[in-house]
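This report concerns only the one structure given below.
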Amino acid sequence: MTSEPVDHQHTAARVDELLSRMTPAEKAGQLTQYFYFKLPAGAQPDAALGIDPDAQPRAVEEALARGEAGSLLFVTDPAEINRLQRLAVEGNRLGIPALFGFDVIHGLRTIFPVPIAMAASWDPEIIERGQAVAAREARAVGIHWAFAPMVDVARDPRWGRIVEGAGEDPVLGAAVAAAQVRGFQSPGGIIAGPKHFGGYGAALGGRDYDEVHLSDEELWNVYFPPFQAAVEAGAGNVMTAYMDLNGVPASASHWLFTQVLRDTWGFDGFVVSDANAVRNLVTHGFAPDLTEAGARAVTAGVDMEMAMTDPAYAHLPDAVRDGTVPEEVLDQRVRRVLEAKARQGLLDDPYVDEERAREVLADPAHREAAREAARRSAVLLRNEGDLLPLDAGTLTSIAVLGPLADSRRDTIGPWVFDYDLDETVTVLDGIRAAAGDRVRVDYAQGVPVVSRTFPSLFDMFGGNTPSDPEGFDPEAELARAVEVAAAADVAVVVAGEWQNMIGEAASRSSIELPGRQLELIRAVVATGTPTVLLVMNGRPLDLRWPAEHVPAILDIWYPGSQGGAAVADLLFGTVSPAGKLPFTWPRTVGQIPMIYSHTRSHEPENQARRYWDEASTPLFPFGHGLSYGRFTYTDLTVDQPGVDLDGTVTVTAEVTNTGDREAADVVQLYLHQRHGTASRPVRELKGFQRVVVAPGESRRVTFTVGPQQRRYWHTYARDWALDPSTFDVWVGGDCTADLHGSFEVVAKS
């Protein structure tokens, strides 16, 4: 948001004056946002997008020149933004500039770890800092608005967009959402746009865009809290979701956007549809034509339509004339958009300083922030025999293996478009730089890259599809990788999913390691060389064999521009891993969905035996993450044995680092209500703190548990409930923590 104080009274008067002079057609134009695509030569967009790569940008410029576009997206060059802004200002008889938006998901030029990785840091401070850097770069080039954060809770890792969110838990998700909003909207920043409201992450079978069926209990207790937290943090925008929610398209839900978002939570920003989501009301079989689609969306509370071509909102003047949409509704929607432009300072200064943009994008402090974020995001899943950290002083040779180890494009991950691959540090680059001249570092790709059965819609932008070197011989390369591993003191294998296998339109029916990567891991382990597996991913993958046979496994996610440097810092012990899993890691796809916060249900003693062929327990539990320190948790106390329904207890515990090096730990508090008017989950995260503990040091950690932590949405009461009950609390390093206490909550006499 603009760093200057906003004179709300002056802004309102100015907006009212503009509004009073606008025709219905001009109002509809302000509510229309167009993609502006300039694709690489020969690009072939997905036919379902309906884009003519030659005609589409020309049509958008014509709309700007007629004053019929209020916003554009997908432009990042400051000179181009200024050119298009002049078309908008000169084409609008009232001189109203356009609002420029972009998918600033995890960085613009400086790429941070993907959002699921940032959530794995369990560190709101580093998350806020990362999005502040992203906002600074975006605003410098002329972008005013991020289509982020994505705050959808994801409990089915087959869903590709799990990579954009914070995982399965509403409390962690809410903390991450609020931190991102604060970062984006820091002084001199941009508008945050949490998405996709609501329930988008619960698509049937994890299939992107498929329908969602969620009870009110799940919506209010699980899926809504991150959105509410984002609104309370001051988010200026909210984006709709594509799919049907309980039989009604989310993008036409008056309940979602008026009753919940505005009436219940007090949201005062503007709502935008996802791409073509208003047009798709016709596709859903909900609206008979585009005029009706636009009328239904705008009256439901969707202020702006994001469209690629032929927007439904272009028909709003017809809907006003025939009485389907009252003009005061149209005015209210336009007022919100104009207020957003005023807050960003666009009505006074719509252009961007192109020289300053170059300076901001080159700021080395941004790269250091990205490196620190990647350090804090990595999760040490396994470290048998303390193989990690590696001792560079005793090693003479390291084998680095796998196609992902030296892939710049995959290192930065999906959902980035304005990156600079020349400055991206791969894992191989990072290890070579850290190992120095004394340690020989040999690299072998080992196995071929893997292509999707159905191409990614992002392949049209170029550089997103992996390929093998010319003349690549898979069998000879695998043999060479084994030879390199056998000759090394330690082998580092990088395996996971290529970046175009995760994200939007990237759902999977399997979570197996693609291609022959597991074969490579098995062959390397068979050499007897101590092996470290680095997992590059945005979802849990089937690691059952590595989890038994590979001594050290470090989840590095897609770590961003400085990812390789951060990974080397972790491997060689410059810093200790401190990340924690933001989701439950299943053993196999057949266990999905698997969440830690399930109810006890029938025969809880057999919870681990629900399947007859394999344990129905996770491979790694929610909150899991090891360290180079050694943490113990003791002396849990609850400050009072009982409180009434409005009361609050304070829970404290001591965390001690019994190891020989300083390290950070994320201490987690879990709560269980033993009985009440509904069955409650066996455990729910209710608090967490990241603490740095010196060797031999003990730190006291304090949490509060009050009505806000104990209340829940009750299915039958259709309201929030607080029950008298006995409550169990646990404190520890993951959801299986065994340090326990309890307290009573009694009804008021």
Side chain to side chain donor-acceptor pair (under 3.5 Å) assessment of Asp665 paired with Tyr633: CA-CA 11 Å; Asp665 187 37; Tyr633 311 93; 2.6 Å; yes

Stepwise side chain to side chain donor-acceptor pair (under 3.5 Å) test for Arg452 and Thr465: CA-CA 9 Å; Arg452 293 171 41 142; Thr465 307; over 6 Å; no

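- Judged by distance alone, the side chain of Ser273 and the main-chain N or O of Met306 form a donor-acceptor pair under 3.5 Å.
- Of all heavy-atom pairs spanning Ala277 and Thr240, the tightest one is CB-OG1, 4.1 Å.
- At a threshold of 4.5 Å between non-hydrogen side-chain atoms, the residues Phe583 and Arg539 do not count as touching.
- Asp613 CG: more than 12 foreign heavy atoms inside a 6.0 Å radius.
- Aromatic rings of Phe688 and Phe703 (six-membered ring for Trp) have centroids beyond the 6.0 Å cut-off, not under it.
- Side-chain contact check for Thr426 and Asp406: at least one donor-acceptor pair (N or O, by modelled atom type) lies under 3.5 Å.
- Considering OG of Ser451 and CG of Asn500, their distance stands at 7.5 Å, rounded to 0.5 Å.
- Within 6.0 Å of atom CZ in Arg600, 12 or fewer heavy atoms from other residues, nucleotides or ligands are found, so the atom counts as exposed in its surroundings.
- When side chains are defined from C-beta on, Pro124 counts as touching Arg182, because their heavy atoms get closer than 4.5 Å.
- No option in Asp555, Ile511, Asp542 other than Asp555 meets the side-chain contact (heavy atoms from CB on, under 4.5 Å) test with Trp585.
- For the ring-ring contact (aromatic ring centres under 6.0 Å, His included) test with Tyr200, the passing option among Trp159, Phe227, Tyr223 is Trp159; the others fail.
- Side-chain contact between Ile502 and Ile162 is present, with heavy atoms from C-beta onward closer than 4.5 Å.
- A donor-acceptor contact shorter than 3.5 Å links the side chain of Gln499 to the backbone of Asn464.
- Side-chain contact between Gln591 and Arg610: absent, with no pair of heavy atoms (C-beta onward) separated by less than 4.5 Å.
- Within the 4.5 Å cutoff, the side chain of Leu381 has no heavy atoms near those of the Leu554 side chain.
- Ring planes of Phe458 and Phe461: parallel class, angle under 30° (limits at 30 and 60°).
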Salt bridge (Lys or Arg N to Asp or Glu O under 4.0 Å) between Lys195 and Asp103, intermediate numbers included: CA-CA 11 Å; Lys195 62 186 185 183; Asp103 281 286; 3.4 Å; yes

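- The CG atom of Asn383 lies 4.5 Å from the CG atom of Leu388; values are rounded to the nearest 0.5 Å.
- Taking a cutoff of 4.0 Å between a charged side-chain nitrogen and a carboxylate oxygen, Arg508 and Glu497 qualify as a salt bridge.
- Remark: Lys580 fails to qualify as a cation-pi partner of Trp557 under the 6.0 Å distance and 45° angle criteria applied to the six-membered ring.
- Counting heavy-atom neighbours within 6.0 Å of Gln689 CD, excluding the residue itself, gives a total above 12.
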Stepwise salt bridge (Lys or Arg N to Asp or Glu O under 4.0 Å) test for Glu519 and Arg522: CA-CA 5 Å; Glu519 181 182 355; Arg522 288 175 182 264; over 6 Å; no

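- Between the OG atom of Ser616 and the CE atom of Met594 there is a distance of 6.0 Å, given to the nearest 0.5 Å.
- Between Phe622 and Trp122, the ring planes lie tilted relative to each other; the angle falls in the 30° to 60° range.
- Distance check, rounded to the nearest 0.5 Å: CD1 of Ile111 to OH of Tyr419 gives 9.0 Å.
- Between Phe224 and Phe197, the two ring planes are tilted [angle within 30° to 60°].
- For His549 (side chain) and Trp545 (main-chain N/O), a donor-acceptor pair under 3.5 Å exists by modelled atom type.
- Between atom CZ of residue Arg544 and atom CG of residue Leu518 there is a gap of 10.0 Å, rounded to the nearest 0.5 Å.
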Residue pair Glu605, Arg609: steps toward the salt bridge (Lys or Arg N to Asp or Glu O under 4.0 Å) verdict: CA-CA 9 Å; Glu605 66 277 8; Arg609 301 173 56 190; over 6 Å; no

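- Ser121 and Arg375 share no side-chain donor-acceptor pair at under 3.5 Å.
- Checking Asp169 against Tyr596 by side-chain atom types alone, a donor-acceptor pair falls below 3.5 Å.
- Arg382 contributes a side-chain N or O that, together with a main-chain N or O of Ala547, makes up a donor-acceptor pair within less than 3.5 Å.
- Closest approach of Ala578 and Val666 over heavy atoms only: O-CG2, 3.8 Å.
- Side-chain atoms of Asp459 come within 3.5 Å of backbone N or O of Ser456 as a donor-acceptor pair.
- Thr584 has its side chain within reach of Glu168: a pair of non-hydrogen atoms, C-beta onward, lies under 4.5 Å apart.
- For the pair Asp210 (side chain) and Ala203 (backbone), a donor-acceptor distance under 3.5 Å is absent.
- Looking only at atom types and distance, the side chain of Asp734 has no donor-acceptor partner in the side chain of Tyr670 under 3.5 Å away.
- Using modelled atom types and a 3.5 Å distance limit, the side chains of Tyr209 and Glu504 yield a donor-acceptor pair.
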Check against ring pair (Phe, Tyr, Trp, His ring centres under 6.0 Å), Phe102 and Phe147: CA-CA 6 Å; Phe102 196 71; Phe147 305 121; 8.1 Å; no

Stepwise side chain to side chain contact (heavy atoms under 4.5 Å, CB included) check, Leu571 with Ile431: CA-CA 8 Å; Leu571 287 177; Ile431 290 175; 3.8 Å; yes

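- In this structure, the side chains of Leu245 and Leu256 come closer than 4.5 Å at one or more pairs of heavy atoms.
- No side-chain donor-acceptor contact under 3.5 Å links His672 to the backbone of Asp728.
- Summarising the geometry, atom SG belonging to Cys735 is positioned 7.0 Å from atom CZ belonging to Arg683; distances are rounded to the nearest 0.5 Å.
- The side-chain heavy atoms of Glu164 and Ile116, taken from C-beta on, include no pair separated by under 4.5 Å.
- Residues Ser627 and Ser576 bring a donor and an acceptor atom of their side chains to less than 3.5 Å of each other.
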